[in-house]
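The next block holds one structure in the form of C-alpha cells; read it before the comments.
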Amino acid sequence: MPITSTESTATCPECDGRPRTHNGETICDECGLVLDEYYIDHGPEWRSFNDDTTNSKRTGAPLTRSRHDRGLSTEIGRSTRMNGRKRRLFARLRRQHNRARISTKRERNQVYAFNEIRRLTGVLSVPDQIRDHACSLFRSAQNEDILRGRSLEGFAAACVYAACRVASVSRTQKEVTAAAKATAAEQQAAYDALNRELKLPIGPINPAEYLSRYASELELPTDVERCAREYAAGLSQDGALGGRNPSGVAAGCLYAAAIKYGVDVTQKEVGAVADVTPVTLRATYHDVCKED
DNA sequence: ACGATTATTGCGTTCTT
DNA sequence: AAGAAAACAATAATCGT
C-alpha cells in the first residue's frame, strides 16, 4: 500500500487551509487540525486466498465493537395463527435464515478485520508478506473459534503484531496500539488468546530487530549501526539482558556505538525514537562500557 | 499477588562554550 | 560563569510470572 500524501478537495473548517492525508491521518496543513483519524483505502479490494466466497454481502449497518451479536439481525417471527404446512414452512425458513445470517456475519467480520489489518500494515509500513500472514492468522483464529466475546479490532491489531514477531521484524506493542483502533487492553487480550490457542512460534525479542529502524530514524551512519549490532550480540551472549526491555537495549547499544564513533546524539534523542527514557537506555549503555 | 524492571521527578555534578 | 547533558536516588507505575 502506498503511503502518500494526497490533497483533498475539501477545505479545513477551521482555517480554510488544505487538508492532507498522511500515514492514515488527515491533517490540515495550516492549523494542524486532525480531520480524520483513520485511513480509508480506495484501492481494489484485497482478498486473502483463493477462497470460494464469491458472493460476499457488503450491506447493512456498520459493525460496532464486535461483540458476538451486535450488528444487524433480522428475525423471522413466530406466529400462532399458522398451522400445518404453513407453519412448518416458516420454521424451515427461520432455520435457513439463521444459518445464512451466521455465515454472512462471519464473512463480514473477516472482511472488516482484513481491511483493518491492511490499514495497520500500511501505516506501520511492514511488508506485504507479513500482512498476508496476519490475515492468515486471523482466519486461523476464526476457525479455532477464539474470537468469541473479544473485539475484532483487538484481533486485527494482535494479528499484525504477532505476524511481525514471527517474521522478526518487530514493532513494539505500543507502536501497533498507537496505530490501531483497538485499545491496549483489547489488543493484549486478543494477542494472549492467539498465542495460547495457536501456539505461535514466538521467542523473546532480539534487540537487534529494532536497530536498523531506529538507526535510520536517527540518521546514523551504517558504521554505527553495525557497531551497535556487535554490542547487542555481545550482550546477549553474556546473558546480560535478562528481562530487560529489548527496545531499551537496542537504544543503549545504538547510543554507545554513536559515542564511540563520535556522532553527536543525546540520550534523550535516542530514547525518544525507541520510546524509552534516558535512564533505561543508560542501564545497557553502562553494560556496554564495561565490556571493552 | 509478588518481584523485577521501568518511568518520573528532583537535584547535585560534569562538560562545553 | 552559564547552560546543557549525564548521573544518581527515591518513589510510583508497570510488567512478567
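In what follows, every chain begins at residue 1, and chains take the letters A, B, ... in the order their sequences are listed. Values below: all heavy atoms of this structure, side chains included; hydrogens, waters and symmetry mates excluded.
The main-chain N or O of A:Ala189 is never found under 3.5 Å from a side-chain atom of A:Arg150 such that the two would form a donor-acceptor pair. Of the possible donor and acceptor atoms, none in the side chain of A:Gln173 sits under 3.5 Å from a partner among the backbone N and O of A:Tyr161.
Residue A:Thr280 places at least one side-chain N or O under 4.0 Å from the OP1 or OP2 atom of B:dA7. Within the structure, every side-chain polar atom (N or O) of A:Arg244 is placed at least 4.0 Å from both OP1 and OP2 of B:dT5. Between A:Gln188 and the phosphate of C:dC15, there is no side-chain N or O to OP1/OP2 separation shorter than 4.0 Å.
Checked by atom type, the side-chain pair A:Tyr214/A:Ser247 shows a donor-acceptor distance below 3.5 Å.
Rounded to an integer number of Å, the gap from A:Lys268 NZ to B:dT8 C1' is 14 Å. Rounded to whole Å, the distance from CG on A:Asn245 to P on B:dA7 is 6 Å. Whole-Å rounding puts the A:Gln267 CD to C:dA4 P distance at 17 Å. Between the CD1 atom of A:Ile205 and the P atom of C:dC15 there is a distance of 13 Å, rounded to whole Å. In this structure, A:Tyr285 places its OH atom 12 Å from C1' of C:dA5, rounding to the nearest Å. Residue A:Arg282 contributes atom CZ, which lies 17 Å from atom P of B:dT5 at whole-angstrom precision. Distance A:Ile259 CD1 to C:dA5 C1': 11 Å, rounded to the nearest Å. As a whole-Å value, the separation of A:Leu281 CG from B:dA7 C1' is 14 Å.
For A:His286, the listed nucleotide lying nearest its side chain is C:dC8; candidates were C:dA6, C:dC8, B:dT8. Of the candidates B:dT6, C:dA6, B:dT9, the closest approach to any side-chain atom of A:Tyr255 belongs to C:dA6.
In this structure, A:Asn143 places its CG atom where more than 12 heavy-atom neighbours from other residues, nucleotides or ligands lie under 6.0 Å away.
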